[in-house]
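Everything quoted here is computed from the prediction, not taken from an experiment. All values below come from the heavy atoms of this structure, side chains included, with hydrogens, waters and symmetry mates left out.
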Amino acid sequence: VEEIKDRAFLQCYDLKEVMLPESVTYIGELAFGYCDSLKKINIPSRVRKVAADAFYECENLLSIDVASENEFYSSHDGVLLNKSGDTLITCPDGKKEYVIPNGVCTIGESSFENCEKLSRIDIPETVTAIEKDAFLHCSRLESVKLPNSVRVLKEWIFSSCERLKTVILGDLLESIEVGAFYGCCKLREINIPDSVKSITYSAFDGCVGLKNLCFPKSMETLCVDLGCGNGTKKFEIDPENPYFTVVDGVLYDKSLSTLVLFPMSKKRCNILSSVKRIGRSAFCDSEIKKFTIPDSVEVIEDSAFEYSSLTEMSLSKNLVRIENSVFNSSDLKRVVLPPSLQYIGKEAFSSCYSLSYVFIPASVSFIGENAFRRDFAPKKEEIEVSPDNKVFSCYEGALLNHLEGRLIYCPKNKVSFSIPETVQIIGMYAFESCNKLKKVEIPTSVRVIEEGAFANCRSLKHLVSPESVTDIGDCALEFYEDLE
């Protein structure tokens with residue numbers, strides 16, 4: 001036997017012991033995946049390649065032993081390393097604690113992933129790189145101290161370490177990348193050193209126990225949705241930081257023209273009158289319910305209030321743009337858009353299931369894809385468009401782009417609907433989940449029915465598609481075995 005093929009022993013739950021022959025040169029992907037009873041495995045001298053996930057979810061595996069004659073791999077206390085011993089490759093899932101030996105420079109990608117019994121890890125000063133997902137799902141790990149030699153915390157490095165309470169970061173750390181501490185719900189505090197220049201999105205997402213977050217004076221770049229889904233009540237920042245400042249616990253840019261980030265658990269906010277922009281994901285997942293945006297604000301950036309508890313909002317009289325997904329999945333009930341507004345981004349109000357009324361002024365000239373898409377809506381649902389609008393209009397409650405001849409959105413409470421002859425395109429998901437809709441009349445002017453246009457219309461039994469229709473998108477008529 002020269003190769004242990006991919007998935008060769010996958011899900012052999014009762015396999016307790018394996019002795020690989022000296023002839024083996026390759027151990028494939030998931031070769032021993034989910035072998036729950038396996039406690040020990042040997043790597044013979046001729047093995048040249050061990051797939052990264054060869055021992056995936058072997059929850060009781062305690063030791064990976066490598067023959068001393070092997071030219072490519074070595075082991076230390078049952079942990080798989082490269083031959084020179086400077087890269088840690090795989091720690092067996094059953095390990096409860098481990099002291100990484102001096103001389104290891106790199107902790108490899110996913111090397112401790114799913115080591116759910118690991119409660120202690122000692123990392124020496126020789127380590128300079130910890131690759132992404134390195135400690136992903138180490139659910140019993142409670143504390144970690146990182147050496148000064150580590151400059152970057154890679155993507156998802158401690159993600160879902162649910163019991164992680166204490167983290168000591170090295171004094172020379174420069175960057176905290178995507179999802180580094182995602183889902184570390186027991187993390188109460190973290191001291192970010194002055195060396196850190198960049199914090200990337202979702203870095204602390206799901207850290208519900210993290211009440212205060214202090215940013216250093218060195219920080220230059222902050223992807224603002226890092227705070228979406230954490231428990232922070234206030235932010236702090238070194239007053240010497242040249243790029244950002246904090247007022248009343250809220251993070252702004254230094255000029256006070258952009259509100260960068262609002263603490264998720266803060267209940268009230270009075271936006272400064274100098275603010276012209278509300279930043280990307282600034283109020284994402286916020287618990288705030290009522291809000292007034294001052295008239296100084298001209299732009300609300302992507303996902304600013306996504307997933308928020310917002311029910312009532314007074315918008316700026318000078319607001320020009322609502323970007324993509326701004327109010328997606330919020331609890332808004334009624335929206336009157338100001339006469340200054342020109343642009344509504346894609347999915348801006350999608351999945352707003354409580355939204356019963358929207359007024360679109362004459363000034364709006366662009367509405368992005370799926371701006372009002374949702375699976376269900378209140379019993380009374382109304383979209384009203386100013387009669388002076390030159391691009392958009394309403395027809396029997398449905399929203400149209402009359403310049404393009406596109407039907408954008410039909411209210412969910414319709415039982416029947418006759419599409420006007422001005423319509424050439426039935427837009428993406430226009431009638432999606434109109435569950436009361438039984439009959440639709442499509443005129444010969446229609447030539448395109450876009451993706452998902454009638455998806456999930458469970459009561460629809462009668463639909464006549466005229467010969468003029470030359471293009472029907474994916475899932476446009478999904479779920480309709482009984483459709484006539």
- Item | More than 12 heavy atoms from other groups under 6.0 Å of CZ on Arg188 | yes
- If you take all heavy atoms of Ile89 and Ser111, which pair is closest and at what distance? O-CB, 3.2 Å
- Note on the structure: In this structure, NZ of Lys5 is separated from CD of Glu29 (nearest 0.5 Å) by 12.5 Å
- Where is the tightest heavy-atom contact between Ala51 and Gly28, given as atom of each residue plus distance? CB-C, 3.5 Å
- Query: Counting only heavy atoms not in Lys117, do more than 12 fall under 6.0 Å of its NZ?
  - Reply: yes
- Message: If only side-chain N and O atoms count, and only distance matters, is there a donor-acceptor pair under 3.5 Å linking Asp6 with Tyr26?
- Response: yes
Side-chain donor-acceptor contacts of residues 128-143 below 3.5 Å, not counting sequence neighbours, with atom names and distances?
from, atom 1, to, atom 2, distance (Å)
Thr128, OG1, Cys105, O, 3.4
Glu131, OE1, Lys154, NZ, 2.9

- Should Lys267 and Glu287 count as an ion pair when the cut-off is N to O under 4.0 Å? yes
- Message: Has Asn148 got a side-chain atom pairing as donor or acceptor with Leu172's backbone, closer than 3.5 angstrom?
- Response: no
- Contact summary for Cys115 and Cys91, nearest pair of heavy atoms: SG-O, 3.6 Å
- Query: Around Asp471, counting heavy atoms of other residues, nucleotides and ligands shown, do more than 12 lie under 6.0 Å from its CG?
  - Reply: yes
- If we only count heavy atoms from C-beta on, is the Val50 to Phe72 side-chain gap below 4.5 Å? no
- Query: Do Ser350 and Asn328 pass the side chain to side chain donor-acceptor pair (under 3.5 Å) test, and can you show the C-alpha distance, the side-chain angles, and the key distance before you say yes or no?
  - Reply: CA-CA 5 Å; Ser350 67; Asn328 177 37; 2.7 Å; yes
- Item | CD1 on Ile41 to CG on Leu20, rounded to 0.5 Å | 4.5 Å
- Count the heavy atoms belonging to other residues, nucleotides or ligands that lie under 6.0 Å from NZ of Lys254, then report whether that count exceeds 12. yes
- Taking all heavy atoms of Leu81 and all of His76, pick out the closest pair and write down the distance. CD1-CB, 3.8 Å
- Message: Less than 4.5 Å apart, side chain to side chain, heavy atoms only: is that true for Ile123 and Leu146?
- Response: yes
- Task: For Ser433 and Asn456, test the side chains for any donor-to-acceptor distance below 3.5 angstrom and give the result as yes or no.
- Result: yes
- Nearest heavy-atom neighbours spanning Asn70 and Ile43: ND2-CG2, 4.2 Å
- Residues Pro124 and Pro147: closest non-hydrogen pair is O-CG, 3.4 Å
- Task: For the pair Tyr353 and Phe376, name the ring-plane relationship: parallel under 30°, tilted 30 to 60°, perpendicular over 60°.
- Result: parallel
- Beyond-backbone contact of Cys214 with Phe235, side-chain heavy atoms, under 4.5 angstrom: no
- Does some side-chain heavy atom of Leu187 sit less than 4.5 Å from a side-chain heavy atom of Val167? yes
- Please say which of Phe32, Phe55, Tyr34 ends up in a ring pair (Phe, Tyr, Trp, His ring centres under 6.0 Å) with Phe9. Phe32
- Presence of salt bridge, Asp248 and Lys266, under 4.0 angstrom: yes
- Query: In chain order, what residues pass the ring-ring contact (aromatic ring centres under 6.0 Å, His included) check against Phe291, with sequence neighbours excluded?
  - Reply: Phe283, Phe305
- Message: Return the CD to SG distance between Gln11 and Cys35, rounded to the nearest 0.5 Å.
- Response: 9.0 Å
- Note on the structure: The side-chain contact (heavy atoms from CB on, under 4.5 Å) partner of Lys95 among Leu62, Ile121, Val79, Leu61 is Val79
- Query: To the nearest 0.5 Å, what is the distance between OH (Tyr73) and CD1 (Ile64)?
  - Reply: 11.0 Å
- Side chains of Ile293 and Ile278 in contact at under 4.5 Å (non-hydrogen atoms): yes
- Message: I'd like to know if the side chain of Glu22 pairs up with that of Ser45 as donor and acceptor (distance under 3.5 Å, no hydrogens or angles considered).
- Response: yes
- Item | side-chain contact (heavy atoms from CB on, under 4.5 Å), paired with Phe215, selected from Val196, Asn241, Leu251, Asp238 | Leu251
- Task: With rounding to the nearest 0.5 Å, note down the distance linking SG in Cys161 to NZ in Lys186.
- Result: 12.5 Å
- Item | Within 45° cone of Tyr429 ring axis and under 6.0 Å: Arg373 NZ or CZ | yes
- If you round to the nearest 0.5 Å, how far is NZ of Lys40 from OG of Ser63? 6.0 Å
- For the residue pair Tyr182 and Trp156, categorise the inter-ring angle as parallel (less than 30°), tilted (30 to 60°) or perpendicular (more than 60°). perpendicular
- Other residues, nucleotides, ligands: >12 heavy atoms within 6.0 Å of Glu57 CD: yes
